[in-house]
Amino acid sequence: MLSDIPHTSSPLLAQLNEEQHRAVALPPEHALILAGAGSGKTRVLTTRIAWLLQTSQVSPGGILAVTFTNKAAKEMKLRLQAMLPVNVNAMWIGTFHGLCNRFLRAHHQLAGLPQTFQILDTQDQLSAVKRLCKQFNVDEDRFPPKQLQYFISGCKEDGQRPGDVTVRDDETRRKVELYQLYEEQCQREGVVDFGELMLRSYELLRDNAHVREHYRRRFRHVLVDEFQDTNKLQYAWLKLLVGLPGEGSEGAILAVGDDDQSIYAFRGARVGNMADFVREFQVQHQIKLEQNYRSFSNILDSANHLISHNKTRLGKTLRTDQGAGEPVRVVESASDFAEAQWLVDELRQLVKQDGFERKEVALLYRSNAQSRVLETALFNAGFPYRVYGGLRFFERAEIKHALAYLRLMENPNDDTSFLRVVNFPPRGIGARSIEQLQDAARAAGCSLHDAVSATTGKAGANLAAFVAMIDVLREQTEGLTLREIIDLVLDKTGLVNHYRAEKEGADRVENLEELVNAAESFVTQEGFGRSAVAMTQGGSVLTQSPASQGLSSDAPATDEFSEDGVTMSPLAAFLTHASLEAGDNQAQAGEDAVQLMTVHASKGLEFDAVFITGLEEGLFPHENSMNDFDGLEEERRLMYVAITRARKRLYLSHSQTRMLHGQTRYNLKSRFFDELPEDCLKWITPKQAGFANLGGNGGGYSGGLGGGGGWPQTPAQNRHARPAWGQSSLSTETYKSPPVPVQKAAPEHGITAGKQVFHTKFGEGKVLAVEGTGADARAQVNFPRHGVKWLALSVAKLTLV
DNA sequence: GAAGTTGCTTTTTTT
DNA sequence: AAGCAACTTC
């Protein structure tokens, strides 16, 4: 009953439905919100915070909100700021890793870390592991570095140090040994990987009662977004941070999640945390948000119907007040090329006739490899598109090189960075010199940087020059602005010149210039001036001062928890920013282009029209997942996520054949089609124009003139050349259609109704019907094992029995 | 020390 | 198919 809720008069609550209202105005106790897709989850989260502040139940300093992505954190701050005049930087809003970083910077001594510790991203971590393997002569066939990396990350996600791992066999024993050595290496070098950020922070809270008590008193309201995606360690961290009932703590957790949208089990997410949370925190308030504001009911019913096939669910059914809307369109193509071509035609019509905006249309697929055909077709049609995924800005090689120099200036012991740039650009320091240096460093138990002075000869001179350059740069850049520092480093290290001289290096030079811009805007946005300033997010933290008793739990901005302990140079702050936030990977936002992405990447987004492509057995559900129960359920949730992205129109598309790993595969349509409500669907058969059927005949799609990168032209972001017939600078107006590949005359197939035929995958079957001629010829065949199929004769290799 | 050649792998992804 | 790593050759 609304009347039972306090403070209902707040205008903040006026526009909420009853469920949302109840969620926002919950008492300060642990609660779980089951928020269905499109049910206004973020809105509830932000309004909850705003309401708590407005009704003076908490001050900004008492709020901690945690998300999984920087994007979500940014969004939350933005919307909060729009709701009420509050300094969002006084609140702790960020990703798990961002917040952990903040804790560790503030308590670096207690955590056993240098103040300037650097953060290894996944790439850095792998190269660190490789280096370790070389040093200890690990048989890389028996222990592939990638697998070791996976092992180490997995252990950390489970909260296990080397000593905590149960060793049952020799292989594990060796892995644990290497894990231990890896840890020592990181510690020596003053670097932490992502898992370490989380684990160290957990241990900090676990092992230091006064720190724990301080934060428990301080954070009265802890809000967790996407709770279904938390892993074991993150949940344990939350338990420490807030304290279980009976531990005398006062903070309340508001967990928001949707078990049906849990699609990250493969990387350690534990949906079970939701049930554990309810049990361990004795949650009294559970609210389901089932009102969907996004989709028409044909779309929503399809999603509901599909997900109802999952056995392990908390149970939730979305409803909408919008009408049925259009039926969900289902399309079958003969080949992935035909699918792509059909898609382009349909897109054109969608935009021209039905008035959809390009950027409001998404093409979704299960795996990245599927994007290529789509891109090729779009590119050749001159249709603007944008691909999400792939290399992000701060992951690009040239950027990582530049950052490595900067990191070395901050922390000379960072051997990973040292090795990355010691001979890049080439300066005559080869593998042999580096090996010698590594031996010396190992013998002396010091970093590569420090071992240089011990080397002799010509190699030693080169190394000495390199180290001297870094040291000189450190001195020269003292007191300069971040921009000036980076400019100087790019120049003096020869990095820019090296790429200028390279014939394919223009994009890289551009990216390096972009790095300077990124630094500039970082300074502006985060308020970093010339002098050292506090943590990137502002706000206060508990310093290492021993006087940590008698703290007020709120608004400690002016007390002894001043920012003293967390001052960082602008450079150090920028480096942290670069490791924690890989940056955008998309071309110009705002460009009106259709969006291509994996289903995973689409989570949290919505579009007017959505195409889900490649709905085939083995692809979606993926073959690696479809053999075990949990895997299949996750695939189904993935499909559920995909469907619920659509507002108005949804297309489901599958193809009979598809090129995969250089081979044509014959696929059955996805089992998910059988799990959708038939009366919501409309089966469309696209007209099979000649162009659409060029499946396996080696037509003109490959081996074009090359050049160009996507459309519209985004040279710096879209470096990889794609096949194209035309010039790379296309415009919709001037572009001419690619020449239609010459279709070989279809051989006389002699397939007629009633005959027995053989198919390489489906086996023997009986022809029921044949239609079309030449390239368009299709046969309907009844296979005893696989049912009735329509097969394009130009694609499927049917032989008469 | 750098450039060319062969062979191998191939889900999903954030921090 | 294609990208990447490791190997061989100049």
Side-chain angles (χ1 to χ4, degrees), chain A residues 66-73 94-101 119-127 130 140-141 144-146 153 156-157 192-199 201 226 229-231 233-234 262-269 336 364-370 372-373 376 388-392 394-395 397 423-434 459 462 576-583 585 597-604 614 618-626 631 634-635 637-639 641-642 658-664 698 701-703 720-723:
Chain A
V66 57
T67 62
F68 273 86
T69 63
N70 291 299
K71 199 174 149 204
T95 62
F96 275 103
H97 295 85
L99 297 176
C100 285
N101 172 58
I119 299 165
L120 301 184
D121 67 15
T122 314
Q123 282 177 45
D124 302 330
Q125 188 189 20
L126 183 61
S127 52
K130 281 183 179 164
E140 298 196 6
D141 288 328
K146 272 230 175 74
S153 301
K156 292 189 180 182
E157 273 171 14
V192 297
D193 59 43
F194 287 131
E196 188 70 24
L197 224 38
M198 203 67 229
L199 184 51
S201 174
E226 307 278 17
D229 287 338
T230 50
N231 63 32
L233 180 58
Q234 286 159 339
S262 157
I263 55 174
Y264 287 112
F266 72 91
R267 67 170 198 218
D336 48 349
L364 306 184
Y365 34 81
R366 173 68 236 271
S367 61
N368 281 308
Q370 289 167 253
R372 195 162 213 94
V373 208
T376 308
Y388 284 73
L391 266 197
R392 322 269 277 307
F394 287 115
E395 291 167 355
N423 196 35
F424 195 94
R427 45 176 75 89
I429 301 172
R432 273 182 52 85
S433 318
I434 290 168
N462 283 342
T576 299
H577 168 81
S579 334
L580 244 30
E581 193 164 346
N585 50 16
M597 65 189 85
T598 62
V599 179
H600 282 92
S602 76
K603 190 174 166 204
L619 245 185
F620 200 177
H622 197 276
E623 55 195 344
N624 295 0
S625 304
M626 62 189 205
E634 179 146 317
E635 294 288 309
R637 290 193 293 270
L638 200 49
M639 180 68 186
V641 166
R658 187 171 294 278
M659 284 289 264
L660 198 65
H661 311 325
Q663 283 188 316
T664 304
Y701 266 101
S702 55
H720 309 291
R722 300 229 155 73

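Since this is a predicted model, take the numbers as computed values, not measurements. Order of the sequence lines fixes the chain letters, A, B, ..., with proteins taken first and strands second; residue numbering starts at 1 for each chain.
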Check: Atom CG of A:Asn423 to atom C1' of B:dA3: distance rounded to whole Å?
Finding: 15 Å
Next item on the list: Pick base, sugar-phosphate or nothing for A:Leu364, based on heavy-atom distances below 4.0 Å to the nucleic acid.
Entry: nothing
Margin query: Taking the ring of A:Phe266 and the ring of A:His622, is the distance between their centroids below 6.0 Å?
Written below: no
Check: Just how far, in rounded Å, is P of B:dT14 from CG of A:Leu580?
Finding: 14 Å
Notebook entry, point to check: When all nucleic acid strands are considered with a 4.0 Å heavy-atom cut-off, which category describes A:Tyr264: base, sugar-phosphate, or nothing?
Noted result: sugar-phosphate
Notebook entry, point to check: For A:His661 and B:dT10, are the ring centres under 5.5 Å apart with planes inclined under 30°?
Noted result: yes
Item checked: Value in whole Å for how far the P atom of B:dT14 lies from OH of A:Tyr388 -> 12 Å
Checklist line | Donor + acceptor pair across side chains of A:Gln125, A:Thr122 (<3.5 Å) | finding: no
Note to self: Whether A:Asn368 contacts B:dT12 is assessed here as follows: a side-chain N or O lying under 4.0 Å from the phosphate OP1 or OP2. Is that the case?
What the structure shows: yes
Check: Rounding to a whole Å, what distance do you find between A:Ile263:CD1 and B:dT13:C1'?
Finding: 9 Å
Margin query: Check the phosphate of B:dT14 against A:Asn70, side-chain N and O only, distance under 4.0 Å to OP1 or OP2. Yes or no?
Written below: no
Notebook entry, point to check: A:Ala431 or A:Glu635: which one's nearest nucleotide on DNA chain B is closer to the 5' end?
Noted result: A:Ala431
Notebook entry, point to check: What nucleic acid atoms does A:Asp229 come within less than 4.0 Å of, heavy atoms only: base, sugar-phosphate, or nothing?
Noted result: nothing
Check: NA contact type, A:Phe68, heavy-atom cut-off 4.0 Å: base, sugar-phosphate, or nothing?
Finding: sugar-phosphate
Margin query: Just N and O in the side chain of A:Thr598: are any of them under 4.0 Å from OP1 or OP2 of B:dT13?
Written below: yes
Margin query: With a 4.0 Å limit, can you tell me whether A:Arg432 has a side-chain N or O closer than that to the phosphate oxygens OP1/OP2 of B:dG1?
Written below: no
Item checked: Integer-rounded Å distance: B:dT10 P and A:His622 NE2 -> 11 Å
Note to self: Just to be sure I understand the rule, does A:Gly195 reach a base, reach only the sugar-phosphate, or reach nothing, if contact means heavy atoms closer than 4.0 Å?
What the structure shows: nothing
Notebook entry, point to check: With sugar-phosphate meaning primed atoms plus P, OP1 and OP2, does A:Thr122 contact a base, only sugar-phosphate, or nothing at under 4.0 Å between heavy atoms?
Noted result: base
